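All remarks here apply to the structure that follows.
Proteins get letters first, then strands, A, B, ... in listed order; numbering begins at 1 in each. Side chains included, hydrogens not; waters and symmetry mates left out as well; all remaining heavy atoms used. Just so it is clear, the structure is predicted and the values come from calculations on it, not from any experiment.
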Amino acid sequence: MLDINLVRNNPEEIKKALAKKKVPPAAVDLLLEKDIKWREEIKKIEDLRAQLNQLSKARKIEEAKAVKEELKKAEAVLPELETERNLAWIKLPNIPSEDTPVGLDESENKPIRKWGEPAKFNFTPKDHLELGKALGIIDVETAGKVSGSRFAYLKGDAVRLQMAIIKFVFDTLGNEKILKKIANRVEKGYSSKPFTLVLPPMMIKPDVFKRMARLDPGQEEERYHLQKDDLYLVGSAEHTLGPIHMDSSIPEDQLPIRYVGYSTSFRREAGSYGRDVKGILRMHQFDKLEMESFTLPENSSKEQQFIVAIQEYLMQQLAIPYQVVSVCTGDMGGPDYRQIDIEAWLSGQNKYRETHTSDLMTDYQSRRLATKIKRKDGKTELAHMNDATAFALGRIIIAILENYQNKDGSVTVPKVLRKYAGIKKIK
RNA sequence: GGUAGGGUGGCCGAGCGGUUUAAGGCGACAGUCUUGAAAACUGUUGUACCAGAAAUGGUACCGUGAGUUCGAAUCUCACCCCUACCGCCA
């Protein structure tokens, strides 16, 4: 959520900034109105309580009783005012950065740079499903019978490929030498502290989910809920990596703190019924390697650059052509200050498709999570949080299959993955 | 799931209806002393919110939520978590 003082003191600027994210000015006014009502009531209650405390100390029992009655009435009103204020509050997304392109939707995202040349084939390239089916490594029919649409069995060399990618990422992000080279590209001497490898929980409590700003009104539809235990299945490792430091202060000298987590992601994909139904591009369940990092506010933009540089490094190692895209205000996530996507070239579809995203959330999440940093002088402030994809395994396997396919329907394994996968070719 | 014992400040630990404004200790920070350090001594030492330009004042917080009371860390109820043992399980 946004800093309430910022909204109170600069309502017009906030309105202007949020308008870029398609938020009507009335939404800001609503919060201000609810906030005033809440403040009036809390003031009233605290004054009464002060009075009551005084009378109690003096053992003026009869007078205290009268004040207590009044207090009870005032207190009864508060919860509703608080709920209304909160609802208006969490509805406001984060303010977008100055360098974020203003736009209404996906079509106005701005490609920043391209890397790699799409391979030229002397035959008509197939899409990943056709290839995967023929190779016997992707089976959506059986999965349809067993689990329904948007599920798949990955088999044989597809599994070897996935395991290889996981090991490759963990080896890279845990290796300070490699990170140092990447960090120096961002800024000479920038922190090359390795990522801590994590296998996070894949279920999360509703209140923590909300504090991550991932279960706000409108988002419930996208989540799988386990009714008996009142737990949600995570939609990304981010959801349980982000709260690792909730309700605590991290000493300045321990930052940045970086995690790379591997987990399955569960998404209902409600409202995307007709989209990407072919193959394994959009699934109810897929595995993903996710980076999450906590930094000082003054370093968070640099950290995002570092993270994007890592994403690009990983793609370059796989030698898959891609473009880096600055996501526009209308298409970016609510908690985002700046969102940068990477789109991999898919030869079978003859276009770039989103495979990575990098979100700088500034203090938007850490405010509700109460994840703070403690400065050397003892002062505390909110940490900044970055979240980004290392590899979405389903989609990167698609990219490998389509870009590395051969005329005979076999697929060459990218060089860096061969020693991990133990195979050179899928045939 | 069952039984038993627990959850108090950065940590340990006392308190079990009103001088609690949470004792005492450890740690941390500052000062005195010292060439420097240690020791000793002295002092400081949480978070959030509300009002205020600020100084400051107020409110809340002893696992969480509700309740009893003029007054709750302290009493009641429910729940959560931890530890041990039993059951079940990979």
Side-chain angles (χ1 to χ4, degrees), chain A residues 1-11 31-90 92 199-213 215 225-233 240 243-255 257 262-264 287 294 297 363-384:
Chain A
M1 51 173 52
L2 287 174
D3 180 354
I4 190 76
N5 283 311
L6 202 70
V7 183
R8 283 173 189 162
N9 300 330
N10 315 284
L31 171 59
L32 290 171
E33 180 200 322
K34 298 294 179 192
D35 182 52
I36 287 171
K37 280 190 183 158
W38 174 80
R39 274 195 283 175
E40 282 169 358
E41 196 62 22
I42 201 92
K43 177 89 181 107
K44 193 168 150 193
I45 288 170
E46 285 181 1
D47 286 348
L48 283 170
R49 208 166 281 164
Q51 226 178 316
L52 184 65
N53 285 346
Q54 281 304 110
L55 293 171
S56 283
K57 238 175 237 173
R59 313 278 164 96
K60 294 186 177 167
I61 294 171
E62 287 311 310
E63 286 171 63
K65 270 184 182 172
V67 174
K68 203 190 165 189
E69 280 309 303
E70 237 184 296
L71 181 63
K72 265 189 181 165
K73 271 185 227 160
E75 279 177 335
V77 188
L78 192 67
E80 202 189 326
L81 295 178
E82 205 166 63
T83 305
E84 285 179 7
R85 172 178 178 258
N86 266 336
L87 221 63
W89 195 356
I90 61 173
L92 299 183
L199 295 176
M202 298 187 207
M203 297 180 200
I204 184 169
K205 295 178 184 176
D207 68 303
V208 180
F209 217 175
K210 281 178 191 152
R211 290 171 73 181
M212 276 294 286
L215 192 66
H225 182 234
L226 304 169
Q227 204 182 357
K228 229 178 190 170
D229 300 285
D230 195 18
L231 286 168
Y232 284 85
L233 296 180
T240 43
I244 287 179
H245 298 286
M246 67 178 179
D247 296 318
S248 60
S249 301
I250 307 164
E252 182 177 8
D253 57 15
Q254 286 179 22
L255 295 167
I257 294 180
Y262 169 69
S263 96
T264 301
D287 298 327
F294 300 83
D363 59 9
Y364 192 87
Q365 286 178 313
S366 59
R367 182 164 290 109
R368 247 191 288 180
L369 289 168
T371 296
K372 296 176 189 175
I373 56 160
K374 201 178 197 108
R375 296 278 185 184
K376 290 200 182 87
D377 64 8
K379 294 207 172 98
T380 58
E381 62 191 290
L382 294 167
H384 275 204

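Look at the C1' atom in both B/rA37 and B/rU32: the space between them is 15 Å, to the nearest Å. Distance check on atom P: B/rC61 versus B/rU68 gives 16 Å, rounded to whole Å. One C1' atom belongs to B/rA28, the other to B/rG87, and the distance between them is 47 Å to the nearest Å. Separating the P atom of B/rC12 from that of B/rG71 is a span of 33 Å, rounded to the nearest Å. Taking atom C1' in both B/rG67 and B/rG17, one finds a spacing of 16 Å when rounded to whole Å. Here, B/rU56 and B/rC41 have their C1' atoms 32 Å apart, quoted to the whole Å. Rounded to the nearest Å, the gap between the C1' atom of B/rA73 and that of B/rG6 is 16 Å. Nucleotides B/rA22 and B/rG9 have their P atoms positioned 13 Å apart, rounded to a whole Å.
Phosphate contact (OP1/OP2 of B/rU59, side-chain N/O of A/Asn53, threshold under 4.0 Å): present. A sub-4.0 Å separation between OP1 or OP2 of B/rC70 and a side-chain N or O of A/Lys60 is absent. In this structure, A/Arg49 does not reach the B/rC61 phosphate: none of its side-chain N or O atoms is under 4.0 Å from OP1 or OP2.
Using a 30° and 60° split on the angle between ring planes, A/Phe294 and A/His245 fall in the perpendicular class, above 60°.
In this structure, A/Glu41 does not pair ionically with A/Lys37, as no charged nitrogen and carboxylate oxygen lie closer than 4.0 Å.
A/Lys68 comes within contact range of at least one nucleobase, with a heavy-atom separation under 4.0 Å. At the heavy-atom level, A/Arg368 lies nowhere under 4.0 Å from the strands shown. If you check every strand for non-hydrogen atoms under 4.0 Å, A/Ile45 touches nothing. Contacts of A/Lys372 with the nucleic acid, taken as non-hydrogen atoms under 4.0 Å apart, involve only primed sugar atoms and P, OP1 or OP2.
When each of A/Ile61 and A/Lys205 is assigned the nucleotide of RNA chain B with its nearest heavy atom, A/Ile61 is the one assigned upstream, toward the 5' end. Nucleotides of RNA chain B nearest to A/Arg59 and A/Arg8 differ in position, and the one nearer the 5' end is that of A/Arg59.
When atom types are taken as modelled, the side chain of A/Arg211 and the backbone of A/Leu369 share a donor-acceptor pair closer than 3.5 angstrom. Side-chain atoms of A/Asp35 do not come within 3.5 Å of backbone N or O of A/Leu31 as any donor-acceptor pair. Between the side chain of A/Ser249 and the backbone N or O of A/Lys374 there is no donor-acceptor pair closer than 3.5 Å. At distances below 3.5 Å, not a single donor-acceptor pair connects side-chain atoms of A/Thr371 with backbone N or O atoms of A/Ala383.
To the nearest angstrom, P of B/rU47 lies 17 Å from CZ of A/Arg367. The CD1 atom of A/Ile42 sits 16 Å away from the P atom of B/rA48 (whole-angstrom rounding). B/rA60 atom P lies 14 Å from atom CG of A/Leu78, rounded to whole Å. One can place CG of A/Leu231 at 12 Å from P of B/rC80, the figure rounded to the nearest angstrom. In this structure, A/Lys44 places its NZ atom 16 Å from P of B/rA51, rounding to the nearest Å. Atom pair A/Glu63:CD and B/rU69:C1' shows a separation of 18 Å (rounding to whole Å applied). Regarding A/Leu81, its CG atom lies at a distance of 15 Å from the C1' atom of B/rC50, rounded to whole Å. Atom C1' of nucleotide B/rU59 and atom CD of A/Glu82 are separated by 13 Å, given to the nearest angstrom.
Which of B/rG58, B/rG18, B/rC50 sits closest to the side chain of A/Ala50 comes down to B/rG58.
Taking all atoms of both residues into account, the shortest heavy-atom contact from A/Tyr364 to A/Ala213 is CE2-CB, 4.1 Å.
Rounded to the nearest 0.5 Å, atoms CH2 (A/Trp89) and CZ (A/Arg367) are 7.5 Å apart. Atom CG of A/Leu87 is separated from atom CD of A/Glu82 by 12.5 Å, given to the nearest 0.5 angstrom. Rounded to the nearest 0.5 Å, atoms NZ (A/Lys372) and CG (A/Leu382) are 6.5 Å apart.
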Show each protein N/O and nucleotides 52-57 of chain B N/O combination with a separation under 3.5 Å, one pair to a line.
none

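Stretches of at least 3 consecutive Watson-Crick or G-U wobble pairs, with each checked distance under 3.5 Å, appear in RNA chain B as B:1-7 with B:80-86, B:10-12 with B:24-26, B:27-32 with B:40-45, B:46-51 with B:56-61, B:63-67 with B:75-79.
Counting only heavy atoms from C-beta outward, the side chains of A/Leu32 and A/Pro11 approach each other to under 4.5 Å.
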